[in-house]
Amino acid sequence: MAFRLSTISLAGLVLIPSFAFIIRNLVNRKRTHLPLPPGPTPVPLLGNILSIKADEPWVTYTQWKAAYGDIVYSRALGQEIIIINSEDVARALMEKRSHNYSDRPRLATILPFGWGYNTGFQPYADRWRLHRRCLHQAFRADSVSHYRPMQLRKARQLCLSIFETANSSEGNVLGEELVLHVQTFAASIIMSATYDYETLPHNDPLVHIVERALDLAIKFMTPEKAAILGFLPILLHLPDWFPGSVKSESKLSQKYSDDMVEVPFQHAMKSIREGTAGRCMISETKVDEELEPDSRNVLEKALKDSSATAFVAGAETTASTILVFILMMVLNPRVQKKAQAELDSVIGNGRLPDYSDRPSLAYIDAILRETLRWFPVVPLGMPHTATAADVYEEYHIPKGAILVPNAWGMSRDETKYPDASEFKPERFFNGEGELNDDTVVYSFGFGRRVCPGRYLADASLWTAIVSLLAIFKFSKCKDEAGNDMEVVPQWTTGLTSYPRFPCCIAPRMSGLDKEALVSLIHTSGSGV
Ligand code: HEM
């Protein structure tokens with residue numbers, strides 16, 4: 001009896017919002033007389049959820065492009081979702097009409113799991129504007145050059161760590177070892193740029209606090225869980241023994257998130273008070289002493305929250321892109337050889353490259369662009385929401401609809417990128433042999449919500465790519481008979497995605513040992 005009762009009440013909780021949605025939708029449609037964008041036929045209640053590839057939804061959306069076009073209407077559990085499959089449509093809506101498409105969906109998991117601090121989830125309102133001001137001050141194009149010596153130092157440290165791992169295993173590096181080195185590199189750059197905090201190479205206590213919060217959040221902050229919690233908010237209050245309850249997980253996640261926001265911020269504030277802080281996001285943000293206490297508190301809170309977001313948004317995305325780059329080098333020896341020939345002709349082998357070499361290394365820049373294109377590590381960008389109903393071409397865009405920019409689909413546009421599934425840096429050169437103006441900006445999002453960390457990310461990626469190419473040759477692992485082993489990367493799923501794969505990493509310079517590498521690093525300048 002108890003079972004039947006709870007089944008009925010659960011069904012009721014699911015059905016009522018769905019009927020409300022259907023009725024609201026019918027009323028709105030009557031008012032507009034315009035069709036919705038085309039899309040697959042939804043089934044009652046679930047919408048189109050069952051026809052989407054759960055681990056690679058961008059693949060399904062790109063197939064929908066072939067069937068329905070650049071703008072596709074779909075539904076998931078009562079939510080209207082519009083997939084944007086072309087850069088032109090994304091710009092027409094999210095940039096040219098950014099006043100209407102800069103909001104974010106209110107995911108039901110955000111506040112209960114302690115993620116209300118995050119810039120990326122802020123509604124389009126004053127608090128978000130203040131966050132953007134703090135991020136802009138620290139990471140705008142003309143501020144980030146200051147971080148270059150630190151980024152270069154950390155890229156060379158990354159090479160040293162990889163060298164040691166490869167050296168101890170005859171060149172064969174396991175997928176998880178590579179992931180760890182690259183993630184440490186990306187995390188240490190963000191911790192330095194935001195908090196002027198120098199991370200330890202292993203088991204850093206502050207990085208641990210951040211990762212603990214992220215690990216838990218990744219499990220619970222999925223779109224499916226948000227949809228379920230949106231229907232059944234009662235799951236937050238039911239006792240732990242009740243199937244589906246998330247009461248204790250949400251409390252734990254809140255605590256971990258609070259620590260993640262507070263602990264590194266207090267560390268930076270202490271250094272500022274003691275007069276030992278170097279340049280970083282916290283020390284750079286002008287909190288005017290003259291401000292009223294209330295305004296000062298609001299600004300300090302925005303600074304604290306947006307700096308925590310910088311880590312969350314910047315570390316994994318940067319690391320994931322470098323992992324894609326290494327995978328591409330393993331799978332495309334021709335490209336790797338050509339890049340190293342360019343490096344040898346410009347730099348020689350007596351020193352390591354630095355930022356001053358960038359204008360002379362066009363092919364390396366093309367590799368960076370092709371890496372961002374070949375697999376945008378935020379394949380579906382971040383969703384934007386329509387603040388008001390709108391009309392685009394002949395279609396009605398309902399108020400509250402979620403717009404999903406399918407960056408992966410844009411990167412597979414055969415008219416712009418012939419043989420799009422191949423890794424070809426040459427596609428970024430014009431007829432005169434110069435780099436063209438496609439910098440794959442769509443991989444960093446659109447309009448007023450575009451990634452504020454893109455300039456910092458660009459410099460981190462370039463310096464990692466150029467340093468790794470200067471020192472190492474990446475190839476497939478060999479089996480006992482000396483044959484190349486097939487590479488089968490395992491891709492993670494979530495808001496971001498990266499490949500995990502073993503590979504063989506050997507120094508390019510014959511006889512290079514650790515001592516020689518350390519000495520090469522020390523004698524190479526920072527060239528800034
Ligand atoms: C390869 C590295 C990176 C990639 C591919 C990337 C990509 C993105 C994308 C696609 C978005 C969503 C934009 C939109 O809504 O249209 C975004 C947002 C954001 N990114 Fe990045 N990002 C990277 C690195 C960084 C770094 C290094 C930082 C910080 C220093 C950062 C901070 C942020 C923040 C705070 C947001 C939220 C913006 C908002 O909602 O207003 N990102 N990023």
Side-chain angles (χ1 to χ4, degrees), residues 58 84 87 90-91 93-95 98 101-105 110 115 117-125 127-141 143-144 147 151 182-183 185-195 280-282 284 302-303 305-325 368-369 371-385 402-408 410-411 439-462 464-465 495-498:
W58 46 90
I84 310 289
E87 217 184 317
R91 291 196 193 293
L93 294 175
M94 289 183 262
E95 286 182 359
S98 58
Y101 295 102
S102 295
D103 205 358
R104 294 281 196 220
I110 291 175
W115 280 61
Y117 75 87
N118 193 298
T119 312
F121 298 135
Q122 293 300 313
Y124 182 52
R127 192 171 161 208
W128 168 77
R129 284 185 192 91
L130 211 49
H131 280 219
R132 291 291 302 210
R133 216 176 88 195
C134 299
L135 289 157
H136 180 70
Q137 228 162 264
F139 299 128
R140 61 176 193 266
S143 296
V144 291
Y147 302 117
Q151 287 168 293
V182 170
Q183 286 183 341
F185 161 75
S188 71
I189 286 186
I190 298 287
M191 290 303 266
S192 177
T194 42
Y195 302 113
C280 66
M281 179 174 173
I282 308 294
E284 278 303 278
L303 178 58
D305 289 352
S306 54
S307 55
T309 309
F311 185 95
V312 174
E316 178 148 328
T317 43
T318 303
S320 303
T321 309
I322 296 169
L323 290 164
V324 174
F325 155 75
L368 168 50
R369 295 180 191 191
T371 302
L372 291 169
R373 182 203 71 83
W374 190 84
F375 190 81
V377 295
V378 196
L380 295 176
M382 277 186 77
H384 293 217
T385 305
I402 293 178
L403 270 69
V404 174
N406 179 7
W408 190 85
M410 296 172 200
S411 79
T439 52
V440 201
V441 277
Y442 54 84
S443 60
F444 290 99
F446 295 93
R448 296 181 194 180
R449 287 282 187 168
V450 68
C451 173
R454 60 199 184 284
Y455 304 111
L456 185 78
D458 171 73
S460 299
L461 295 173
W462 185 83
I465 288 175
L495 197 59
T496 62
S497 178
Y498 66 80

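Both ligands and their constituent atoms are indexed starting at 1 by order of listing.
Interface of R132 with ligand 1, defined as ligand atoms under 4.0 Å from a residue heavy atom, comprises 38 (C), 39 (C), 41 (O). For ligand 1, the atoms sitting less than 4.0 Å from at least one non-hydrogen atom of I190 are 27 (C), numbered in the order shown with element in parentheses. Of all the atoms in ligand 1, the ones that sit under 4.0 Å from a non-hydrogen atom of T321 are 1 (C). Close contacts between ligand 1 and T309 involve ligand atoms 35 (C) [criterion: under 4.0 Å to a heavy atom].
F375 and W58 have perpendicular rings, their planes meeting at more than 60° on a 0 to 90° scale where under 30° would count as parallel.
Side chain of T317 to main chain of G314: a donor-acceptor pair is present (N/O by atom type, distance under 3.5 Å, no hydrogens or angles). With T309 contributing its side chain and T119 its backbone, the two residues share a donor-acceptor pair below 3.5 Å. Listed for the T194 side chain is no donor-acceptor partner under 3.5 Å among the backbone atoms of M281. The backbone N or O of T385 lies less than 3.5 Å from no partner atom in the side chain of D103, so there is not a single donor-acceptor pair. For the pair S307 (side chain) and L303 (backbone), a donor-acceptor distance under 3.5 Å is present. Looking at R104, its side chain never comes within 3.5 Å of a backbone N or O of F121 through a donor-acceptor pair. Of the possible donor and acceptor atoms, none in the side chain of E316 sits under 3.5 Å from a partner among the backbone N and O of Y498.
Within the sub-2.8 Å shell of atom 21 (Fe) of ligand 1, the protein contributes these N/O/S atoms: C451 SG.
Distances shorter than 4.0 angstrom occur between a heavy atom of H384 and an atom of ligand 1. At least one heavy atom of W128 sits less than 4.0 Å from an atom of ligand 1.
Every residue meeting the side chain to side chain donor-acceptor pair (under 3.5 Å) condition with R373, not counting sequence neighbours, appears here in chain and number order: E370.
Of the N or O atoms in F446, one or more lie within a sub-3.5 Å distance of an N or O in ligand 1. Any N or O atom pair closer than 3.5 Å counts here, and R448 shares no such pair with ligand 1.
Counting heavy atoms from C-beta on, the side chains of F444 and L372 come closer than 4.5 Å. For the pair E95 and V450, the minimum side-chain heavy-atom distance is 4.5 Å or more.
At the shortest separation from atom 13 (C) of ligand 1 among protein heavy atoms lies R449 O, 3.2 Å.
Only side-chain heavy atoms of L135 come within less than 4.0 Å of ligand 1; its backbone N, CA, C and O stay farther off. No part of L372 comes within 4.0 Å of ligand 1, judged by heavy-atom distances. Neither the backbone nor the side chain of H131 has a heavy atom within less than 4.0 Å of ligand 1. Counting heavy atoms closer than 4.0 Å to ligand 1, residue S443 contributes backbone atoms (N, CA, C, O) but none from C-beta onward.
Counted within 6.0 Å of CZ on R369, heavy atoms from surrounding residues, nucleotides or ligands total more than 12; the atom is thus considered enclosed.
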